Amino acid sequence: MFKKTKTWIIIFALLFILSIALYALLSGKKPSGSIAVIRKNGEVYDRIDLSAVTKPYEIKIGNEHGYNVVLVSPGSIAVISADCPDHICIKRGEIK
């Protein structure tokens with residue numbers, strides 16, 4: 001009887017230690033930053049780490065149908081100009 005109890009204590013102790021180690025491992029990883037992915041015609045046009053941006057800059061993205069101007073700032077991105085009639089992308093505002 002004591003042997004079964006001792007075995008269960010060891011199993012629970014190992015599971016407890018394993019769960020603490022797993023928690024410490026997973027909580028120690030911090031994301032490197034916010035990555036903005038710009039797509040053009042369904043293809044990845046650019047990937048920008050917004051936490052690495054130090055000064056605002058603009059990207060003009062165009063094709064045969066028109067253009068969009070994207071403002072990349074530290075921690076955010078926004079479409080600031082477009083030649084489409086409804087301007088939904090501009091009305092969306094800044095994405096952080």
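Numbering starts at 1 and runs along the sequence shown. All values reported here derive from a predicted model rather than from experimental measurement.
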| request: For S76, check side-chain hydrogen bond (donor to acceptor under 3.5 Å, both in side chains) against everything at least two apart and list the hits. | output: E94
| remark: Here the gap from L50 atom CG to K96 atom NZ, rounded to the nearest 0.5 Å, amounts to 11.5 Å
| task | Return the set of residues passing side chain to side chain contact (heavy atoms under 4.5 Å, CB included) with I17 (not counting sequence neighbours), or none when no residue passes. | result | none
| field | Pairwise distance OG(S81) to NZ(K60) - rounded to 0.5 angstrom | value | 7.5 Å
| query | In terms of hydrophobic clustering (I, L, V, M, F, W, Y; side-chain heavy atoms under 4.5 Å; direct or indirect links), are V79 and Y45 co-clustered? | reply | yes
| said: Using the side chain to side chain contact (heavy atoms under 4.5 Å, CB included) criterion, which residues pair with R47? Sequence neighbours excluded. | reply: I35, V37, V44
| task | Measure the shortest side-chain to side-chain distance between I59 and I48 over non-hydrogen atoms and say whether it is less than 4.5 angstrom. | result | yes
| Any chance NZ of K40 has more than 12 other-residue heavy atoms, nucleotides or ligands included, within less than 6.0 Å? | yes
| message | Going by the rule side chain to side chain contact (heavy atoms under 4.5 Å, CB included), which residues pair with L71 if we only count those two or more places apart in sequence or in a different chain? | response | P56, E58, S73, I80
| Is Y67 reachable from V70 through a run of I, L, V, M, F, W or Y residues, each pair having side-chain heavy atoms under 4.5 Å apart? | no
| Would you say I77 and I38 make side-chain contact, with heavy atoms under 4.5 Å? | yes
| task | Not counting sequence neighbours, which residues clear side chain to side chain contact (heavy atoms under 4.5 Å, CB included) with I10? List them please. | result | K6, L14
| said: Please list all pairs meeting side chain to side chain donor-acceptor pair (under 3.5 Å) that have one or both residues in residues 13-22, counting only residues at least two apart or in different chains. | reply: none
| query | With ILVMFWY side chains joined below 4.5 Å, transitively, what does I20's cluster contain besides itself? | reply | F16
